[in-house]
Every structure is written in structure tokens, then in C-alpha cells.
Number of protein chains: 2
Amino acid sequence: MTDVATVQRQKGVALWRQIADKIRANISAGEYDSTGMVPPETVLAEQFGVNRHTIRSALAALGQEGIVRAMQGRGTMIEVKDRFNFPISRRTRFTQGIGRQARDIEGFLLSSAREIATAEVARWLKLAPGTEVIRLEAVRKADGRALSRATTWFPAARFEGIAEVFAKTGSVTKALSEFGVGDYLRDKTEITARHAEPDDVATLELTPGAIVLVTRALNTDPDGEPIQYSITRFPADRVQFTIGG
Amino acid sequence: MTDVATVQRQKGVALWRQIADKIRANISAGEYDSTGMVPPETVLAEQFGVNRHTIRSALAALGQEGIVRAMQGRGTMIEVKDRFNFPISRRTRFTQGIGRQARDIEGFLLSSAREIATAEVARWLKLAPGTEVIRLEAVRKADGRALSRATTWFPAARFEGIAEVFAKTGSVTKALSEFGVGDYLRDKTEITARHAEPDDVATLELTPGAIVLVTRALNTDPDGEPIQYSITRFPADRVQFTIGG
DNA sequence: TTCTATTTGTGCGTATGTATT
DNA sequence: CAATACATACGCACAAATAGA
């Protein structure tokens with residue numbers, strides 16, 4: 001089979017874009033299911049009657065979309081994905097939320113610091129300017145795959161030493177209970193999406209250009225007192241959020 | 001000022017990536033604020049001491065991130081953004097949700113069709129296989145900027161002719177009230193993110209490679225009867241969702 | 001209006017580096 | 001080790017859009 005006839009020059013749509021669309025359609029149609037890989041660039045170049053660079057532009061675009069993943073020396077593989085579902089409610093908890101969707105869930109503390117709250121953090125936590133907070137940088141994995149990268153701030157006065165407790169337990173819920181917060185509620189969640197930055201790429205094991213879902217969330221104790229503000233990045237191709245239902 | 005010294009070859013990080021990071025930092029630092037534009041590719045190429053293609057790779061990456069926007073014949077502009085906030089609750093309504101954030105909000109019906117529900121649509125709307133549904137394709141704009149692209153399904157038996165009503169009013173809420181549904185509730189919302197497809201690019205006025213937030217949502221009448229299932233795409237750089245708060 | 005300079009967009013050919021098999 | 005295949009970068013050419021003379 002040749003695709004030569006399917007791409008046209010001088011039609012207002014770049015060749016690489018036409019080819020990317022065609023390959024995407026081919027993948028959806030199961031064209032390459034036998035190998036799970038896209039044919040080598042040289043083969044595709046011949047099939048489409050274009051230079052290998054043009055194929056590379058097309059595959060790069062598909063790589064950005066997370067549809068394929070090029071591996072040096074091996075070939076370009078088709079990505080298969082299924083998303084974890086992450087429910088968001090008043091009682092949102094990470095581990096419980098993922099629940100039975102993964103065999104094992106781990107939390108790693110990357111670093112912690114005691115610092116002065118920025119204007120943004122102070123606003124969310126309803127703290128006076130200049131108040132000290134404890135910041136945790138953590139990664140959570142489900143079945144060995146990185147699922148989230150969170151930056152979390154706690155009021156330092158109330159949660160002195162929470163970093164050590166989190167490091168031991170790997171769980172915010174357990175850490176908070178050590179401080180007498182047996183229950184807490186999700187007050188507000190903001191959701192946006194953007195491209196992964198270098199730090200996201202590293203800690204979430206992403207390909208550059210991948211998409212991350214970003215949540216900004218505030219948890220309060222049962223009295224409505226803010227206890228935790230988090231900015232969390234999730235790999236968009238591994239996670240979906242659910243509200244209600 | 002020259003940036004030659006800032007990029008290094010053969011150090012494990014591609015030149016174009018180093019350059020992209022540097023330009024991103026320059027933008028954050030307000031380096032190009034006077035013009036609101038990045039210097040021409042040829043100038044950047046000379047500044048960094050690389051080929052124009054290398055600069056183009058860097059700018060393409062930044063374009064994917066939505067940080068810059070290249071325009072043929074004009075130059076590469078730095079994007080300024082502020083997101084519309086879209087609250088998600090039991091009483092989620094598009095127009096009310098955007099509310100005072102925009103001066104005027106319009107809804108356009110692109111097309112409508114009467115068709116047999118797919119397995120997925122039937123499942124969401126709790127319909128028997130083979131049941132007919134009405135599908136609307138619509139775009140919503142706020143202050144002239146495209147804010148959402150929705151595909152919506154209604155049970156055909158109950159909402160015969162809803163396409164015409166929506167076309168006139170541009171509002172789902174008003175259209176439903178014409179059919180005796182004075183109130184409705186958001187039962188469930190799923191949120192994911194992915195790269196824009198050609199259709200999204202066209203109808204949402206996006207740049208190829210942009211990110212879209214995708215919601216799958218079910219609305220029911222006060223009795224809990226499913227009345228509307230929608231898949232809606234939002235430009236991720238123009239929208240954020242809020243739950244609670 | 002027309003022409004020209006500027007600037008981005010597309011495509012090809014080539015060379016070299018690097019990782020996998 | 002060699003062969004294969006992806007990764008990066010350069011140089012060249014021309015197309016297309018824009019802005020300004």
C-alpha cells in the first residue's frame with residue numbers, strides 16, 4: 001500500500017501535517033496493530049513520496065500529542081493508554097480516590113522546606129503576610145508509574161515536623177491525623193492544563209511536550225480552617241478527573 | 001547582548017531545547033516587553049550562533065506551550081493570557097458560569113442531526129440500544145473569542161425540534177425550558193486534556209498543537225432522568241475549571 | 001496601486017552524533 | 001564489532017504573508 005496519492009503539495013496544508021493526520025488515522029484504524037509500531041521513517045518517506053525530514057516533522061507532532069513515542073535505535077512505537085480516574089469531591093483523598101485502580105500506590109517526599117508564604121500561598125491559606133509555612137515536594141506513583149507531582153504548603157505553626165511524618169507514611173491523610181486532624185475537607189479545586197515543564201518531565205517521567213493537568217486545591221479542617229494548599233501536576237494521558245456521578 | 005555563551009553543544013541537552021528554555025526565561029524576565037515580540041528568527045540565530053532551523057525548533061516548542069505565537073510575515077508575538085473561570089457544580093450552566101467575566105456571550109449552532117445513539121451515548125443517557133438521539137454541534141464565544149466546542153446529545157423522543165430552538169436562542173437552558181425542563185442538574189463531569197485535533201483547531205481558532213480541556217458531562221432533570229450528554233472541548237489557555245470554594 | 005524588504009513557513013540534501021540490536 | 005534507526009544541526013532555496021515606501 002502506498003499513500004502517495006493522499007498528500008498534495010501547494011494546497012495550503014503542509015505535507016507534514018497531512019501526513020501526521022493520515023498516520024493518526026491509520027493508527028486509529030488499527031493499521032499498525034500487528035507490530036505496535038509505525039514503519040521506519042525511511043519506509044514512510046518512500047510510501048508518502050517525501051523526504052525523511054517531512055516524515056520526522058509529522059512523527060514529532062504525533063509524539064507531542066502522545067500518540068507515538070520514538071525510541072532511538074528501535075523505532076517509533078504506538079502508545080497505548082488507559083487513564084486513572086481521580087474523583088474530586090468534598091472528601092477527596094488521593095490514595096482512596098485511586099483505590100482499586102492500582103495494585104500499589106506509593107508517595108515519595110522529594111524535598112521539604114520551611115519558608116515565608118508567598119502572597120499567593122498566604123491568600124489561599126488565609127495567613128497574614130510573612131507567616132511561615134512548610135512546603136513539601138512529593139511524587140506519587142501507582143503501580144510504578146508516576147501519577148502526580150505535588151507542591152504542598154502547610155501553616156508551619158500548626159504542622160511543625162509534618163515533613164518527617166509524610167516521609168515515613170507517604171500519605172497526607174496519615175500525616176495530618178498525627179497532628180490531630182482526623183478529618184479534612186476539600187474546599188476548592190481549580191483545574192487547568194498546560195505543557196510539561198522540564199521539572200515535570202523529570203519527575204513525572206514524561207516526554208517533553210507532554211500535557212499536564214494542574215490542580216490548585218485547598219483543604220480545610222472540619223471547622224473550615226485552611227490546613228493545606230497544593231499545586232499538583234498530573235500527566236494528562238494517565239489521569240482523568242470526575243466530579244459527581 | 002549575545003547569548004552565545006549560554007548554549008553548549010554536546011552536553012546531552014539539544015541546542016533547541018536550551019534555546020527554548022533561555023527564550024522562555026527572557027520572556028518571563030520581561031526582556032522583550034517593549035515590542036511584545038520575540039526578535040526575528042534570523043536575529044536570534046545570530047545571537048545564539050546557530051542555524052535558523054534550530055531557532056525555529058525552539059520557537060515551535062514555545063509555540064506549543066502557548067507562550068509565543070508566530071505569524072507569517074509579521075513576526076513571533078508573545079502571548080498574553082488570562083483564563084475564564086468555569087465553575088462546575090450541581091447547577092452548572094455555561095452562560096451563568098462565565099457570567100460577568102465577559103461582556104457578551106454567544107452560542108452558535110454549527111449543525112444538528114438525528115441519529116441512532118452509539119453505545120457510549122446510550123450508556124450515558126441510559127437509553128436502550130438503537131434509540132434515536134438528536135446531536136447538536138455548537139460553539140460558544142465570549143467577547144468574540146471561541147470558548148467552547150460542544151457535541152451534545154438529547155433523547156430524540158423527548159426533545160424533538162430542540163435544534164431549532166437552540167439555534168434561535170443559543171442557550172441550552174432556554175432551549176430546555178421550551179420543552180418543559182425548567183430546571184436541570186449536572187449529574188457527572190469527567191475532565192481530561194489532550195492536544196487539539198484539526199476540528200478543534202478550526203472551530204476554536206487554535207494554533208495546531210494547542211491543548212484542549214475535554215469534559216464529558218451528563219445533565220439530568222430534577223427527577224434524575226438523563227436529558228443531555230455533552231462532550232465539550234475548551235481551549236486550555238483560555239479556561240480553568242473550579243470545583244467548590 | 002505596485003513594488004520591495006522583511007519575516008515566517010515549507011522542503012530538500014547532507015553530515016554527524018548516539019543508542020539499540 | 002557492524003548495521004540499523006532515531007536525534008540534532010547546518011546550509012540552501014523558495015513560498016507566502018505582511019508592512020511600508
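Just so we're on the same page: letters track the sequence lines, and every chain starts at 1.
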| remark: Whole-Å distance, A:L44 CG to C:dG11 P, equals 16 Å
| remark: Residues at least two apart in sequence or cross-chain that pass ring-ring contact (aromatic ring centres under 6.0 Å, His included) with A:F94, listed by chain then number, are A:F86
| task | Take the protein atom NE2 of B:H53 and the nucleotide atom C1' of C:dT14, then report the distance between them rounded to whole Å. | result | 12 Å
Using residues 162-169 of chain B as the side-chain source, report each donor-acceptor pair under 3.5 Å to any protein atom, sequence neighbours left out, with the distance given to one decimal.
unit_1 : atom_1 : unit_2 : atom_2 : d
B:T169 : OG1    : B:V165 : O      : 3.0
B:T169 : OG1    : B:S171 : N      : 3.3
B:T169 : OG1    : B:S171 : O      : 3.3

| Nucleotide nearest B:L15 (side chain, heavy atoms from C-beta), chosen from D:dC10, C:dG11, C:dT14 | D:dC10
| task | Return yes if some donor-acceptor pair links the side-chain N/O of A:H195 with the main-chain N/O of A:V212 below 3.5 Å, else return no. | result | no
| message | Distance check needed: C:dG9 P versus B:L59 CG, whole Å only. | response | 9 Å
| remark: When rounded to whole Å, the CZ to C1' distance for the pair B:R69 and C:dT7 reads 16 Å
| field | With sequence neighbours excluded, residues passing ring-ring contact (aromatic ring centres under 6.0 Å, His included) with B:W153 | value | B:Y229
| request: Please determine if a side-chain N or O atom of A:N51 lies less than 4.0 Å away from the OP1 or OP2 oxygen of C:dG11. | output: no
| Which whole-number value in Å describes the distance from B:M77 CE to C:dT8 P? | 10 Å
| field | Rounded distance (Å) that lies between atom C1' of C:dG11 and atom CD of A:Q18 | value | 13 Å
| query | Quick one: is A:T54 getting a side-chain N or O under 4.0 Å of the C:dC12 phosphate, OP1 or OP2? | reply | yes
| request: Enumerate the residue pairs fulfilling side-chain hydrogen bond (donor to acceptor under 3.5 Å, both in side chains) with a member in residues 103-113 of chain B, sequence neighbours excluded, ordered by first and then second residue. | output: none
Polar-atom pairs under 3.5 Å, protein N or O versus N or O of nucleotides 1-6 of chain D: list them with distances, or write none.
unit_1 : atom_1 : unit_2 : atom_2 : d
D:dC6  : O4'    : A:G73  : N      : 3.4

| request: Applying side chain to side chain donor-acceptor pair (under 3.5 Å), name anything that partners B:E65, two or more places apart in sequence or on another chain. | output: B:R24
